[in-house]
Amino acid sequence: MSDIDIKAFRSGFNGEVFERADVGYDEARQIWNASVSKYPAVIARCSGVADVIAALNFGRANNLLTAIRGGGHNVGGRALCDDGLVIDLSRMKSVFVDNGTQRVRVQGGATLGDIDRETHVFGLAVPCGIVPKTGIGGLTLGGGVGWLIRKYGMSIDNLLSAQIVTADSRVVTASAFENDDLFWALRGGGGNFGVVTSFEFQAHAVQTVLGGLLLYPREKAVDVIRHFRDYMGMAPDELTAYAALLHGPDGSPLVAVIPCYCGNIEDGERILQPLRKFGSPIMDGIQAIPFPTMQSLFGPSFPDGNHNYWKSTLQRELPDAAISGVVEHANRLNSPLSFVVLEYYGGAAGRVSSEATAFPHRQLPWDILFIAQWTDPAQTDVHRDWARSGEEMLRPFSSNAHLLSALDVEAEDVIKTAFGSNLPRLAAIKKKYDPANFFRVNHNVRVGSHAAV
Ligand SMILES: Cc1cc2nc3c(=O)[nH]c(=O)nc-3n(C[C@H](O)[C@H](O)[C@H](O)COP(=O)(O)OP(=O)(O)OC[C@H]3O[C@@H](n4cnc5c(N)ncnc54)[C@H](O)[C@@H]3O)c2cc1C
């Protein structure tokens with residue numbers, strides 16, 4: 001990359017360009033997870049589609065390894081790369097709501113908080129994840145699970161179209177009616193196929209939900225989680241709920257059940273009774289709240305600047321022995337910032353066939369996540385070992401499958417399990433749209449083979 005090349009690139013670029021010596025470079029290369037520290041040669045913070053095309057042309061002409069940054073919340077740091085180019089979409093975060101059709105168009109760098117803020121004005125919501133600073137880009141391309149999943153499905157089940165700039169800098173629309181192979185692949189195939197400059201979603205009428213936290217002392221954890229499991233097996237689609245093993249603000253170990261009921265509030269009060277009456281919660285914070293409030297409950301649990309390492313596993317069932325193992329493992333936590341989350345999906349998401357989108361794991365409703373979070377980098381090995389050994393402990397119960405977007409830095413064989421039986425079809429579509437594997441700083445589907453890296 002010559003001085004002349006970069007000068008020409010800068011002069012034709014509308015957004016911001018950062019190189020190592022530039023003011024703002026260090027801020028621009030930060031992401032939420034402090035364990036990730038990468039030094040790109042150029043960060044191109046795009047202002048729109050024309051900038052994305054200019055950045056892609058520049059990256060290709062100079063043979064630069066190229067990463068795509070959406071919300072910067074991929075745990076393994078796939079938003080960045082060392083010595084290459086980062087196409088940074090963080091300025092492209094506009095959200096347009098069509099109240100009549102209840103369709104929402106979102107730029108590729110928007111966060112979930114950006115979307116909830118705009119859609120709530122119209123009494124609408126797009127099914128996505130549960131932490132406001134997460135990017136809609138990486139989340140949707142990985143599937144997208146959250147509080148509305150059982151009623152309205154995953155984010156990809158609500159995706160109507162996407163505008164994408166492919167590796168040869170073409171601007172392409174992918175939908176059920178245009179480039180439907182690409183549309184299929186974008187719904188669970190990760191960032192392999194190009195830069196998604198905007199997503200169009202079907203939103204739903206969700207304004208106020210019945211939700212919040214039920215907290216119990218940790219000694220009750222096995223009973224509480226067993227009851228939660230049995231109760232969710234009979235729950236209506238309007239109810240999505242997770243359980244978590246965490247610590248209170250004073251450091252006391254707790255178990256939480258977190259329901260979100262998105263139907264009629266009076267019905268919800270009745271339906272949630274068995275959950276709220278079980279055991280003796282030390283706190284029942286469940287109430288009717290605006291949906292964005294529900295969405296922001298867990299924001300403070302994931303502050304910028306902590307070190308993070310995640311391990312997770314999808315399971316068909318959650319037997320008693322797995323519950324006991326998870327609780328024992330949580331009791332060995334060595335950081336009050338770490339936690340275990342037991343997420344239960346199913347409902348509308350589970351009724352979509354495994355071949356309908358690139359996300360194959362429709363029949364595995366349990367996702368158990370070991371989320372290690374700490375502040376002292378010298379303690380990294382201890383915390384990583386805790387998360388790893390949690391996932392290893394669950395192997396006898398696991399389906400050897402993973403949610404793509406929950407994967408940290410993983411070995412090739414683990415990434416393959418996220419694509420599962422859909423990998424050969426993904427590889428064929430990758431070959432069509434990105435034969436040179438230009439987009440490879442991701443959960444990569446290798447061109448020309450059925451392997452993933
Ligand atoms: C605190 C936290 C909470 C989370 N909660 C949930 C949750 O509730 N539900 C859930 O489903 N997931 C959740 N996740 C996982 C999350 O979906 C993934 O980490 C996802 O990658 C985040 O997207 P991002 O745009 O912020 O990622 P980034 O780190 O910016 O990007 C990750 C990768 O996604 C691709 N990418 C991102 N944007 C684009 C784009 N516009 N075009 C093409 N490729 C793109 C690129 O390959 C990039 O390497 C959570 C993660 C964190 C850290």
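Computed from a predicted structure; not experimentally measured. Order of appearance sets the numbers: ligands from 1, and atoms from 1 within every ligand.
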Check each heavy atom of [X] against ligand 1 and say whether those closer than 4.0 Å belong to the side chain, the backbone, both or neither.
| X | answer |
| --- | --- |
| Trp32 | side chain |
| Trp310 | side chain |
| Leu89 | side chain |
| Leu403 | neither |

Nearest option to [atom], as decided by whichever heavy atom of [options] sits closest:
| atom | options | result |
| --- | --- | --- |
| atom 28 (P) of ligand 1 | Gly72, Gly135, Gly138 | Gly72 |
| atom 33 (C) of ligand 1 | Ile164, Asn33, Ile149, Ile68 | Ile68 |
| atom 6 (C) of ligand 1 | Thr140, Val196, Leu139 | Leu139 |

Side chains of [X] and [Y] in contact at under 4.5 Å (non-hydrogen atoms):
| X | Y | result |
| --- | --- | --- |
| Leu333 | His247 | yes |
| Leu369 | Val340 | no |
| Arg29 | Ser37 | yes |
| Thr313 | Asp367 | no |
| Leu139 | Leu112 | yes |
| Phe199 | Leu141 | yes |
| Leu426 | Ile429 | no |
| Ile87 | Arg69 | no |

- Message: Please confirm whether Ala406 approaches ligand 1 to less than 4.0 Å, judged on its heavy atoms.
- Response: no
- Query: Heavy atom of Gly194 under 4.0 Å from ligand 1?
  - Reply: yes
For [atom], the protein heavy atom that lies nearest, with its residue and separation:
| atom | answer |
| --- | --- |
| atom 35 (C) of ligand 1 | Gly191 CA, 4.1 Å |
| atom 24 (P) of ligand 1 | Gly71 N, 3.4 Å |
| atom 5 (N) of ligand 1 | Thr134 OG1, 4.3 Å |
| atom 8 (O) of ligand 1 | Ile130 N, 2.9 Å |
| atom 19 (O) of ligand 1 | His73 O, 2.8 Å |
| atom 15 (C) of ligand 1 | Ser405 O, 3.3 Å |
| atom 32 (C) of ligand 1 | Asn74 CB, 3.4 Å |
| atom 11 (O) of ligand 1 | Val145 N, 2.9 Å |

For [X], the ligand 1 atoms whose distance to one of its heavy atoms is below 4.0 Å:
| X | answer |
| --- | --- |
| Arg69 | 30 (O) |
| Gly108 | 41 (N) |
| Gly129 | 7 (C), 8 (O), 9 (N) |
| Phe302 | 1 (C) |
| Arg78 | 48 (C), 49 (O) |
| Asn442 | 47 (O) |
| Gly144 | 11 (O) |

- State whether Phe438 and Arg440 meet the cation-pi test: NZ (Lys) or CZ (Arg) under 6.0 Å from the six-membered ring centroid, and within 45° of the perpendicular axis. no
- Give me the one residue out of Phe397, Tyr344, Tyr345 that meets side-chain contact (heavy atoms from CB on, under 4.5 Å) with Trp366. Tyr344
Side-chain donor-acceptor distances from residues 292-301 under 3.5 Å, at least two apart:
{"from": "Gln295", "atom 1": "NE2", "to": "Asp116", "atom 2": "OD2", "distance (Å)": "3.0"}
{"from": "Gln295", "atom 1": "NE2", "to": "Gly129", "atom 2": "O", "distance (Å)": "2.9"}
{"from": "Ser296", "atom 1": "OG", "to": "Pro292", "atom 2": "O", "distance (Å)": "3.0"}
{"from": "Ser296", "atom 1": "OG", "to": "Thr293", "atom 2": "O", "distance (Å)": "3.1"}

Report yes if [X] has an N/O atom closer than 3.5 Å to an N/O atom of ligand 1; otherwise report no.
| X | answer |
| --- | --- |
| Val441 | yes |
| Gly70 | yes |
| Gly146 | no |

- Query: Do the rings of Trp374 and His307 sit parallel, tilted or perpendicular, given the 30° and 60° boundaries?
  - Reply: parallel
- His329 and Phe370 aromatic ring geometry - parallel, tilted or perpendicular at 30°/60° bounds: perpendicular
- Item | Donor-acceptor contact below 3.5 Å, side chain Ser338 vs main chain Gln373 | yes
- Message: Taking the six-membered ring for Trp, are Phe439 and Tyr433 closer than 6.0 Å centroid to centroid?
- Response: no
- Item | Ring-ring centroid check Trp147 Tyr242, cutoff 6.0 Å | yes
